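Note that the structure is predicted; figures quoted are calculated from it, not measured. We count residues from 1, following the sequence as given.
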Amino acid sequence: MSPFTSQFKRYRPYLLSALIFSACASNTPFNSNNKTVPDQKDKSTINQIAKADIDRMADVEIRENTQSLRLLMLKLYKRNPQELKKSTSDPAEKMIDWVFDGAAQHHFQFAEMNNLVMTDAIFLTFNPEYKGDRVLAFIVGLHTMLLKAHNDKTDFYFTDSIDPQRVYNVARNIEIAVWKLSNARDDNGALYLLSNEINDHEKNLSFEREFGKMIGRTDLYAIALAEKSQRLISRVVQNLATALFLPF
């Protein structure tokens, strides 16, 4: 097998995700249901004068990744209903709205998680002594990590300066977090959180596909940003089973 073939096979899922991201950033219907992707909300306002194309790309990338995290949180609660009960008796959708839409009030500081965020919150998810909501810890960890790499912003302008290396490192950290989600087990050999499922009766890889979209979008933005700013990215190849989270 040639080096090119090997590299292509490795990055094929990300290339597909990049194509999906590109389609999502356009006005062209993409799926079989012919659902039109919504336009940028402030596309026609004077606000857009202060944005370059790379800023609009950042807007789309962070928005779409946040939507993926909302979907993944819902799916994790459906697969792990015992975790939702640790936080609330409300429906999962209400809990998700509170987490993502209530940031101005809670600032992602949750006492039941010892106010941990980013990679510390992800580690908490797989801590055998933790008795709290592991879905909340996992999603909050991913979301705050993503925000941190974007300077804690979700709206970008000419004056913003984002380090493509930090964005690239976050994509690698998402890979590590997903590996932990699929492989980390407690003392009894049970997964801390159920996600993908493959057995004789069911094949559910929807989690893997959604995480793949996130990694693809984040990688694509990091590469485009590096090209635009003429800054090099140090590419890291890691063994996921032993990898540590990268700084960002």
Side-chain angles (χ1 to χ4, degrees), residues 9-21 24 61-62 64-80 83 92 96 99-100 108 113 116-128 130 133-150 166-186 189-199 202-223 235-248:
K9 285 188 173 182
R10 181 180 174 210
Y11 287 103
R12 181 168 50 190
Y14 302 155
L15 292 173
L16 176 60
S17 296
L19 290 174
I20 293 172
F21 172 63
C24 287
E61 179 252 337
I62 197 74
E64 294 300 314
N65 278 341
T66 299
Q67 288 302 314
S68 285
L69 285 173
R70 293 180 71 117
L71 176 59
L72 286 162
M73 192 173 192
L74 178 61
K75 291 168 69 64
L76 283 169
Y77 274 140
K78 287 184 175 181
R79 289 281 280 145
N80 305 271
E83 301 301 320
I96 294 164
V99 170
F100 285 93
F108 298 103
M113 291 170 47
L116 296 176
V117 294
M118 298 186 287
T119 55
D120 289 334
I122 296 172
F123 278 124
L124 185 65
T125 308
F126 309 108
N127 184 335
Y130 180 55
D133 184 344
R134 296 180 188 274
V135 172
L136 177 65
F138 188 70
I139 295 298
V140 166
L142 287 174
H143 188 51
T144 52
M145 181 174 65
L146 193 65
L147 288 173
K148 185 68 173 180
H150 293 73
R166 295 174 70 188
V167 178
Y168 174 85
N169 286 1
V170 162
R172 306 288 73 75
N173 287 352
I174 295 172
E175 290 178 328
I176 296 168
V178 174
W179 186 91
K180 290 181 180 294
L181 179 67
S182 301
N183 292 275
R185 298 176 182 270
D186 61 22
L191 290 168
Y192 286 103
L193 289 173
L194 298 177
S195 54
N196 292 316
E197 184 172 12
I198 302 177
N199 55 47
E202 185 178 5
K203 183 177 181 179
N204 176 12
L205 296 176
S206 59
F207 290 89
E208 181 178 310
R209 288 194 295 271
E210 201 63 38
F211 279 119
K213 292 177 186 178
M214 287 189 65
I215 295 166
R217 294 182 195 115
T218 309
D219 266 338
L220 180 62
Y221 174 58
I223 293 168
R235 299 177 182 270
V236 178
V237 179
Q238 294 179 294
N239 180 339
L240 292 179
T242 58
L244 300 175
F245 287 115
L246 300 176
F248 54 92

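The line from CG of D133 to CG of L124 is 10.0 Å long, rounded to the nearest 0.5 Å. With values rounded to the nearest 0.5 angstrom, L146 atom CG is found 6.5 Å from L69 atom CG. Taken from CZ in R209 to CG in N196, the straight-line distance is 8.5 Å, to the nearest 0.5 Å. Distance check: L71 CG to K213 NZ gives 8.0 Å after rounding to the nearest 0.5 Å. For the atom pair CZ (F108) and CG (L116), the distance works out to 15.0 Å, reported to the nearest 0.5 Å. A distance of 14.5 Å separates OG of S182 from OH of Y192, quoted to the nearest 0.5 Å.
Heavy atoms only, all atoms of each residue included: V140 and T144 are closest at O-OG1, 2.6 Å. What you find for M113 and A137 is that their closest heavy atoms are CE-CA, 3.7 Å. Closest heavy-atom contact between L142 and A177: CD2-CB, 3.9 Å. Taking both residues in full, the closest heavy atoms of R166 and F248 are given as NE-C, 3.2 Å, listed atom of the first, atom of the second, then distance. The shortest non-hydrogen separation linking A149 to V170 is CB-CG2, 3.4 Å.
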Derivation of the side-chain contact (heavy atoms from CB on, under 4.5 Å) call for L193 and E83: CA-CA 9 Å; L193 289 173; E83 301 301 320; 3.8 Å; yes
I122/M145 under side-chain contact (heavy atoms from CB on, under 4.5 Å): CA gap, chis, key distance, verdict: CA-CA 10 Å; I122 296 172; M145 181 174 65; 4.2 Å; yes
Verdict with supporting geometry, N80 and R134, side-chain contact (heavy atoms from CB on, under 4.5 Å): CA-CA 9 Å; N80 305 271; R134 296 180 188 274; over 6 Å; no
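By the 6.0 Å and 45° rule, R217 does not stack over the aromatic ring of Y221. Judged by the 6.0 Å and 45° rule, K75 forms a cation-pi pair with F207.
Using a 4.5 Å cut-off on side-chain heavy atoms (C-beta onward), H143 and N65 make no contact. Between D219 and R172, some side-chain heavy-atom pair lies under the 4.5 Å cut-off. Between F245 and M118 there is no side-chain heavy-atom pair separated by less than 4.5 Å.
The aromatic rings of F126 and F138 sit perpendicular, their planes meeting at an angle over 60°, well past the 30° parallel limit.
Judged purely by atom type and a 3.5 angstrom limit, R79 uses its side chain to pair as donor or acceptor with the backbone of S195. Judged purely by atom type and a 3.5 angstrom limit, N169 uses its side chain to pair as donor or acceptor with the backbone of P247.
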